[in-house]
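Just so you know, these numbers come straight off a predicted model, no measurement behind them.
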Amino acid sequence: MITRRTAKYRIAAAALVLAGLTACTAAGPEATVAEREASTGKSAASAVPGLGRLYDQHLAWGKCAHDPDDTTGQDLDEAGAECANLTVPLDYAVPQGRTITVAMSRLQATDTRRRIGSILINNGGPGVPALASPPDVRAAMGEVGARYDIIGFDPRFVGRSTPLDCGWPIGNALYSAGLSRASFDRQVELQRSLADKCRATNASVLPHINTRNTARDMDVIRGALDERRISYLGYSYGTYLGTVYTQMFPGRFDRMVLDGAVAPSSYTPQLLKGLEPENEQALSAWATWAAQRHGTYSLGRTRVEVLATIDRVMSAAARKPLTVGTAPDLFRIDDTQVPLLLFMGLSDDTDSARDALAGQLFVLAKAADGQPAPLRPEFAAVLRVFLTDEDTNLGTVQTALACADGTASRNIEQYWRDIEASRRTHPLFGPLANNIVPCAFWKTPPENPIRVRDDAAMLIVAATGDPRTTYKSSSELHRLLPSSKLLTLKGANRHGLYGQYGNACIDREVNQYLSSGKLPARDVTCETQGT
């Protein structure tokens, strides 16, 4: 997921969103016998043939670096972390059958006298690794970080865990329908071909990549760590995973922070559906920012002129793919890809992120005018992920998770009608958010979607202008879980806050909760410039 800097761009490119929320109680009628037993602890899990040995397994912690080129492992080793592989069943219905591995890392508590326990990290995605995260999380936690064992893990089938890769020619399946019916028809065939490749290469594995199984893996991690309860920090899709865990394994979690959270109604195999208004608002704010810096980017002197530049780029890309870069990083970008690149640049409203997006649009505008368009290394890295087969693991797993966690429409004409309807009010992002996805050609998921039924005390962190997991969605999850508290950051168009955005108020409130275990007495609101 390479140097750590390059890894950051590849992860950012592949981790397009989010996810939503469909979860159940472990003791409900949909729970497996293994879940009902495991939810009560390790001793009960031992009563399930083949499962107890996994909860009781010994983790062989050791060095993280695999070889001299393994910079991720070297960074972990230098930070004092250690790594191990966890064994889990491919199929929890047959725990004595085939097994796979889940790669883990650990930064042990240094304040052992006041040790709180273990906290597990998920970075979202779906399908983004978190093996490398414990050092960054400890830095965000400040003094309380010394009281936790901080656990990173690569979810099943990504990163250093047992891999899943469908051998796609591209690293991403989320594109726009473009400006015409012809471009949509090409998308239909592309998405069909991606689904066919996964079926041809991994048919026996696909039924076992879903969020419920990742939650089951988390509980095996808890057991193998010999923790009665485990704390959790999840971002974006990780909020889905975290809430699913609270429902499947009630009583097995301690302090839980969900940053950029999503509600049940927000999660469908069309991962971007419903995000159009927030992204248009974020695009408008960015365009105002870029217009104020016309002398640097030459995109337009007003917000309207910058948005007109985007329209010009889209029209040119629809007529003929834009050529950007120079060999070996030479790419051709059409009208199904431009909206995705803009969407990807809007999850962060800091100056550095806005500069990156302005630089990308500058390149695309040059290409639209038929002029040479050299690339920044960061932009080239993103395009390699999207448009080549350099790294197809993350895109494969993201798609497989989305297709397994819900059922997509198979009516191609309905997709087109939805695209045309959305185009009228959201001309740029409507055809992206409503486009057909590989899930339209996927096999029906083996497990039905399940619902939130149990209350859970947790801290939900949300920005009012989050363009990935909307504030409306986070607020809905808060209402579904009456014992939760909502920590709001006003006025930020940002996805992912705690320890990442630099807002002292957000960081302080989360760390107070992680330290004391006590949620705020009432919901808390922070200001973007306040502390």
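Checked for salt-bridge contact, Asp185 and Arg181 meet the test: a charged N lies under 4.0 Å from a carboxylate O. No salt bridge links Lys366 with Asp369; every basic N to acidic carboxylate O contact stays at or beyond 4.0 Å. With salt bridges taken as basic N to acidic carboxylate O contacts below 4.0 Å, one links Asp329 and Arg384. Using a cutoff of 4.0 Å between basic side-chain nitrogens and carboxylate oxygens, Glu420 and Arg423 are scored as salt-bridged.
Using modelled atom types and a 3.5 Å distance limit, the side chains of Thr211 and Tyr237 yield a donor-acceptor pair. Between His208 and Asn213, the side chains place no donor N or O within less than 3.5 Å of an acceptor N or O (distance only, hydrogens not considered). A side-chain donor from one of Asn435 and Gln187 sits under 3.5 Å from a side-chain acceptor of the other. Using a 3.5 Å distance cut-off with no hydrogens or angles, the side chains of Asn279 and Arg468 do pair a donor with an acceptor. Side-chain atoms of Asn411 and Ser409 include no donor-acceptor pair closer than 3.5 Å. Side-chain atoms of Asp217 and Tyr92 form a donor-acceptor pair, as typed in the model, at a separation below 3.5 Å. Judged by distance alone, the side chains of His478 and Asp523 do bring a donor and an acceptor atom under 3.5 Å apart. Residues Asn493 and Glu278 have side chains that never bring a donor and an acceptor to within less than 3.5 angstrom of each other.
Within 6.0 Å of NZ in Lys273 there are more than 12 heavy atoms belonging to other residues, nucleotides or ligands. Shown here is Arg301, whose CZ atom has no more than 12 heavy atoms of other residues, nucleotides or ligands within 6.0 Å.
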message = Go through it in stages, so that I can follow the logic: the residues are Arg424 and Glu276, the test is salt bridge (charged side-chain N to carboxylate O under 4.0 Å, His left out), and I'd like the CA-CA distance, side-chain angles, deciding distance and then a yes or no.
response = CA-CA 12 Å; Arg424 289 192 287 271; Glu276 301 94 321; over 6 Å; no
inquiry  = One pair to check against side chain to side chain contact (heavy atoms under 4.5 Å, CB included): Leu481 and Val452. What are the steps and the verdict?
reply    = CA-CA 9 Å; Leu481 302 171; Val452 173; 3.9 Å; yes
message = Assess the residue pair Tyr498 and Leu487 against the criterion (side chain to side chain contact (heavy atoms under 4.5 Å, CB included)); give the C-alpha distance rounded to whole Å, side-chain angles, the decisive distance to 0.1 Å, and a yes or no.
response = CA-CA 10 Å; Tyr498 171 63; Leu487 175 58; over 6 Å; no
query = Hey, mind stepping through Val437 and Thr399 against side chain to side chain contact (heavy atoms under 4.5 Å, CB included) and telling me if it holds?
reply = CA-CA 9 Å; Val437 290; Thr399 299; over 6 Å; no
message = Working note: Val257 + Ile460, criterion side chain to side chain contact (heavy atoms under 4.5 Å, CB included); need CA distance, chi angles, decisive distance, verdict.
response = CA-CA 6 Å; Val257 179; Ile460 297 173; over 6 Å; no
task = Might you work through the salt bridge (charged side-chain N to carboxylate O under 4.0 Å, His left out) test for Asp334 and Arg186, ending with a clear yes or no?
result = CA-CA 12 Å; Asp334 65 23; Arg186 289 192 294 272; 5.7 Å; no
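One N or O on the side chain of Ser474 and one on the backbone of Ala261 form a donor-acceptor pair closer than 3.5 Å. Of the possible donor and acceptor atoms, none in the side chain of Asn202 sits under 3.5 Å from a partner among the backbone N and O of Val205. Side-chain atoms of Ser473 do not come within 3.5 Å of backbone N or O of Thr469 as any donor-acceptor pair. No donor-acceptor pair under 3.5 Å is formed between the side chain of Ser284 and the backbone N or O of Glu280. Within the 3.5 Å criterion, the main-chain N or O of Gly238 finds no donor-acceptor partner in the side chain of Ser236. Looking at Arg410, its side chain does come within 3.5 Å of a backbone N or O of Trp442 through a donor-acceptor pair. Remark: the backbone N or O of Met314 is not paired with any side-chain donor or acceptor of Arg312 at under 3.5 angstrom. The backbone N or O of Asp311 sits less than 3.5 Å from a side-chain atom of Ser315, completing a donor-acceptor pair. Proximity of a side-chain donor or acceptor of Asp349 to a complementary backbone N or O of Trp286 within less than 3.5 Å is not detected. Judged by distance alone, the side chain of Gln247 and the main-chain N or O of Asp454 form a donor-acceptor pair under 3.5 Å.
With His495 as reference, Asp466 is the one residue of Thr470, Asp259, Asp466 to meet the side-chain hydrogen bond (donor to acceptor under 3.5 Å, both in side chains) rule. Under the side-chain contact (heavy atoms from CB on, under 4.5 Å) rule, Gln398 has a single partner from Val158, Asn393, Leu271, which is Leu271. A side-chain contact (heavy atoms from CB on, under 4.5 Å) with Asn122 is found for exactly one of Pro129, Ser133, Pro155, namely Pro155.
Qualifying ring pair (Phe, Tyr, Trp, His ring centres under 6.0 Å) partners for Tyr297, counting only residues two or more places apart in sequence or in other chains: Trp289. Trp168 meets the ring pair (Phe, Tyr, Trp, His ring centres under 6.0 Å) test with no other residue; sequence neighbours excluded. Under the ring pair (Phe, Tyr, Trp, His ring centres under 6.0 Å) criterion, Tyr471 pairs with no residue at all, not counting sequence neighbours.
Ring geometry for Tyr267 against Tyr240 counts as tilted: the plane angle lies between 30° and 60°, on a 0 to 90° scale.
Closest heavy-atom contact between His426 and Pro431: O-CD, 3.5 Å. The two residues Thr464 and Gly491 come nearest to each other via the heavy atoms OG1-N, 2.7 Å. Summarising the geometry of Gln191 relative to Ala173, their closest heavy-atom pair is NE2-O, 3.0 Å, with the distance given to 0.1 Å. Residues Leu90 and Arg156 approach most closely at O-NH1, 3.1 Å, considering heavy atoms. Among all heavy-atom pairs drawn from Ala215 and Val244, the shortest one is CB-CG1, 3.9 Å. Heavy-atom minimum distance, Asn434 versus Tyr415: O-CD2, 3.8 Å.
Between Lys197 atom NZ and Arg192 atom CZ the span is 15.0 Å, to the nearest 0.5 Å. Rounding to the nearest 0.5 angstrom, the gap separating the CG atom in Leu206 from the SG atom in Cys403 is 9.0 Å. The CG atom of Leu120 sits 8.5 Å away from the OH atom of Tyr245 when rounded to the nearest 0.5 Å. How far OG1 of Thr243 is from CZ of Phe253: 9.5 Å, rounded to the nearest 0.5 Å. Leu342 CG to Phe429 CZ: the interatomic distance, rounded to the nearest 0.5 Å, is 5.5 Å. The line from NZ of Lys490 to OG1 of Thr488 is 9.5 Å long, rounded to the nearest 0.5 Å.
Residues Leu489 and Thr528 form a side-chain contact, since some pair of their non-hydrogen atoms from C-beta on lies under 4.5 Å apart.
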